[in-house]
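Here the structure is laid out as structure tokens; the discussion comes afterwards.
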Amino acid sequence: MSMIRIAPEVHLVMDPDTAVVAEEREDSILYSMDPVFERMDKLDGIADDLLNSLSPSKPLLNSWPGRENTSYLAGIYGNAFYGIVVGLAFSGLLALIIFIQRLIEGGM
């Protein structure tokens, strides 16, 4: 953010963002906010990435293109794997109980 000096001999300046012409004063200091705005844009992107991480279909900031549904598919495969393992363990335990019951019934 800079000021354009229209007439330095009478201390007139113009703000190019707002097109306001004003008198340049010695007692006021003007700082450039461009570095702050750049960092705010970067933080805004990080905040959007944080919100996108909650949705399995949104792209992440540091991921390759076309990987929007990766966490969704990983969730399906992971849950299917654990479901199969728990189902096989339960059915194996049930088969063992039935086998032991038949041995006890047949033995008496």
With rounding to the nearest 0.5 Å, note down the distance linking CD in Glu105 to CD1 in Ile98.
-> 10.5 Å
Have Asn52 and Ser55 got a donor and an acceptor in their side chains that come within less than 3.5 Å?
-> no
If Ile, Leu, Val, Met, Phe, Trp and Tyr residues are connected whenever their side-chain heavy atoms lie under 4.5 Å apart, and connections chain through other members, are Leu96 and Ile104 in the same group?
-> yes
Would you call Val13 and Val21 a side-chain contact if the rule is heavy atoms closer than 4.5 Å?
-> no
Tracing side-chain contacts under 4.5 Å among Ile, Leu, Val, Met, Phe, Trp and Tyr outward from Val85 reaches Phe81, Tyr82
Hey, quick one: are Met14 and Val20 part of the same hydrophobic cluster, counting side-chain heavy atoms closer than 4.5 Å, chains of contacts allowed?
-> no
Any donor-acceptor pair under 3.5 Å from Asn79 side chain to Gly75 backbone = yes
Got a second to check how far Leu50's CG is from Leu43's CG, nearest 0.5 Å?
-> 12.0 Å
Distance from Leu103 atom CG to Gln101 atom CD, nearest 0.5 Å?
-> 10.5 Å
Straight-line distance of Ile76 CD1 to Asn69 CG, nearest 0.5 Å = 9.0 Å
Report yes or no: do Tyr72 and Tyr77 belong to one cluster of Ile/Leu/Val/Met/Phe/Trp/Tyr joined by side chain heavy-atom distances under 4.5 Å?
-> yes
Calculate, to the nearest 0.5 Å, the distance between atoms CG and CG belonging to Asp49 and Leu54 respectively.
-> 10.0 Å
